[in-house]
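To find a chain, count down the sequence lines: A is the first, B the second, and so on, and within it residues start at 1.
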2 protein chains.
Amino acid sequence: MSKKKPTIIDIAHATGLSKSLVSRALAGKAGVGEESRTRILETADRLGYKRNTWATSLVKGSSHMIGVIATDIASTYRLEVITGVEDAAAEAGYTALLAHGRRDPEVLAERLAQMHSLGVDGVVVVSSRMPSGPLSAVARSTPIVIVGRPAEAPVGVDLIHNDDETGGALATQHLIDIGHTRIGFVASSQRAAIRAREQAWRDTLAAAGLSDDFLLRRQNEEDLAQRTMNELVLSDDPPTALVASTDGLAAAIVGAAQDRGLVVPDDLAVVGYNNSSLSTQLRPQLTTVDQPRHEMGKLAVEMILERLAGRTTDRVTVAEPRLVVRDSSSTSVPATPTTVHRDANNAPATPSG
Amino acid sequence: MSKKKPTIIDIAHATGLSKSLVSRALAGKAGVGEESRTRILETADRLGYKRNTWATSLVKGSSHMIGVIATDIASTYRLEVITGVEDAAAEAGYTALLAHGRRDPEVLAERLAQMHSLGVDGVVVVSSRMPSGPLSAVARSTPIVIVGRPAEAPVGVDLIHNDDETGGALATQHLIDIGHTRIGFVASSQRAAIRAREQAWRDTLAAAGLSDDFLLRRQNEEDLAQRTMNELVLSDDPPTALVASTDGLAAAIVGAAQDRGLVVPDDLAVVGYNNSSLSTQLRPQLTTVDQPRHEMGKLAVEMILERLAGRTTDRVTVAEPRLVVRDSSSTSVPATPTTVHRDANNAPATPSG
DNA sequence: CTGAAAGCGCTTACAG
DNA sequence: CTGAAAGCGCTTACAG
């Protein structure tokens, strides 16, 4: 059974000094006799004393903790955002506390309430699915920044997200640049970020005079790769390249294509989004769009510190993504299975590396 | 700027009732007049009141929180263990709080100290890298269970891990069963779990009268897939199948093999460990060993509750893994590039699916 | 059903 | 340099 934890009073008794003095010594404050100090520290060590955070926070009114709530923690992207938060927090003398929210808005809201009553000094929400109501309510007393792109910007909450418009354009333009003219977009959700990428895809195609016919949108990833095969890739009028809304979806599409004997990128080029670890584990490795996620995590903490320092206006920070070209998009134009509607394009004939 | 949070006293003033009564009403206790109760609840709601966890925990001496410390959160395996912990905790009226430990033992120890002074009622360590000293120290006052297989069992700490011996044997025997006789093992670390898998591989080979010459061990994954190619697969005397210590390593090996134009499983069969999401995202999909991870997370909480209820003896729980056969190991024997030392084996000639 | 009082472990002016 | 006292927000016997 667990023994009772030693308190400051125990140390005071053991050393014969007052608890005030013990408290000061333990906090490393000046104005404590050298002898007393060492005696206190030694005794504390011997007793295995750990400061009771509850009591300290209660009296100080601040926990020096920053809460982080994330949906679906098992993601390279989120992990690095979290790491960024941790690093920046540590640097500022804060510690980060995580909560795992799942995708359910209710669970997310519950986690937020938990963080709130835990008394964290700020919270970083790495999700675009947190409901606005609870968010704005908590934001009245605790700074919140969302890393992600919620459907609507909650009042009193800061935002930081990558420039999905630029990212989507980067991906699409890359495919145009290497000679593709039949470029599709597959979306596994209707989140704002995804919609922005889709719009960028459409705009980029339009600027190049290309068709945006190849579009597939679903509310979740279930079977989406299969449908992509059946409804787009294996149709009579197939695209030669696809922009997928995320790496996970891109991976599923590559897998489904390979299952059908197609060669990526020769038969189908695929570009993902997020530069997840998956993108280098697959063969071919995935061309994808990288977000400055560690940086975004650090920025989130900075924005919280600004609020804590007195800023009252809402702030939105947009980070620039960059394209990472790998093997799932080759520099050669595919030998299309069925050569229909093919525009006159000067595609380089370089074989895929 | 953040406003001050409303307290029980604010509600007491607003309703004209005493703070004792407000506290009782808020806690949902009996013995509060119906009218008072509704008035209090409404006022609390209107003011946006959230109970101050610090104060409550301080007076109750328990936070009803269970801390979870994990290395490298971005893993399907760990995520599911964590989810299991969360589910079981919620069921028992506790909430789970995560800390992200990285692989560094010092950082891990720091997180443990943080959890300890946060006053959690128990901690689940999902890592085998947490140093024993800090572990035993904290265990004197707070129940701890490790999900994983540490080098040495820390005194006063409970353990739960999968049966790596069985898992390793399952993987190896499967390769023997489908006709392989030249089966290697590649290890990316020297952790106890990995060593146990390696020993099981050796024992299983010995029982079948096969050689355990094909072995490669390194302290980390850096370049290990490349070395596996150079030192084993592309040698004059290559194995036809490999058991990898983890799915991540297996994926890297499959990738490196494919980069060299080899076909998995025809030229080389590969089996991983952990049934990570990666194993179904790759092509071919990975044969692997699955741990009952959600169950392990739940068990961890149960073991903590046992300690809290009075158990003082250390307990070790071993969970049974199972083999998941996928395409990276086919039922056909490979057409070995160099046919050396090949025993008379009745391998089925079924082509790989 | 309701309220006054004590106390959880710690910190911080305020005296000495 | 050291100590006594008050208070952080909440809960819980103890009275009424």
May I have the distance from [X] (atom [atom1]) to [N] (atom [atom2]), rounded to whole angstrom?
| X | N | atom1 | atom2 | answer |
| --- | --- | --- | --- | --- |
| B:L21 | C:dT2 | CG | P | 5 Å |
| B:L17 | C:dA4 | CG | C1' | 15 Å |
| B:H13 | C:dG3 | NE2 | C1' | 13 Å |
| A:D10 | C:dC8 | CG | C1' | 14 Å |
| A:R39 | D:dT2 | CZ | C1' | 12 Å |

Classify the nucleic acid contact of B:G31 as base, sugar-phosphate or nothing, counting any heavy atom under 4.0 Å across all strands shown. base

Heavy atoms only, 4.0 Å cut-off, all strands: where does A:S36 land among base, sugar-phosphate and nothing? sugar-phosphate

By the salt bridge (Lys or Arg N to Asp or Glu O under 4.0 Å) test, which pairs, at least two apart or in different chains, include something from residues 75-89 of chain B? A:R102-B:E86, A:R102-B:D87, A:R111-B:E86, B:E80-B:R293

Of all pairs that satisfy side-chain hydrogen bond (donor to acceptor under 3.5 Å, both in side chains), the ones with a partner from residues 113-122 of chain A, not counting sequence neighbours: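 The answer is A:S62-A:D121, A:H116-A:S141, A:S117-B:T53.
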
Flag for B:S57-B:S63: side-chain donor and acceptor within less than 3.5 Å: no

Check ion pair A:K5-A:D10 (N to O, under 4.0 angstrom):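 No, this pair does not count.
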
Contacts of A:Y94 that satisfy ring pair (Phe, Tyr, Trp, His ring centres under 6.0 Å) - sequence neighbours left out: A:H64

Go through the structure and list residues passing side-chain hydrogen bond (donor to acceptor under 3.5 Å, both in side chains) with A:T56, not counting sequence neighbours. none

Summarise protein proximity over nucleotides 10-16 of chain C in one line of letters, 5' to 3': B for base, S for sugar-phosphate only, - for none, counting protein heavy atoms closer than 4.0 Å. BBBB---

Quick check on B:R315: does its CZ atom have over 12 non-hydrogen neighbours (other residues, nucleotides or ligands) under 6.0 Å away?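 Yes.
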
Please determine whether the number of non-hydrogen atoms from other residues, nucleotides or ligands lying under 6.0 Å from atom CD of B:Q190 exceeds 12.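 Above 12, so yes.
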
Go through DNA chain D and write down every stem, that is, every run of at least three consecutive Watson-Crick or G-U wobble pairs with distances under 3.5 Å, as range with range.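 Expected stems, ordered by start: C:1-3 with D:14-16, C:5-12 with D:5-12, C:14-16 with D:1-3.
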
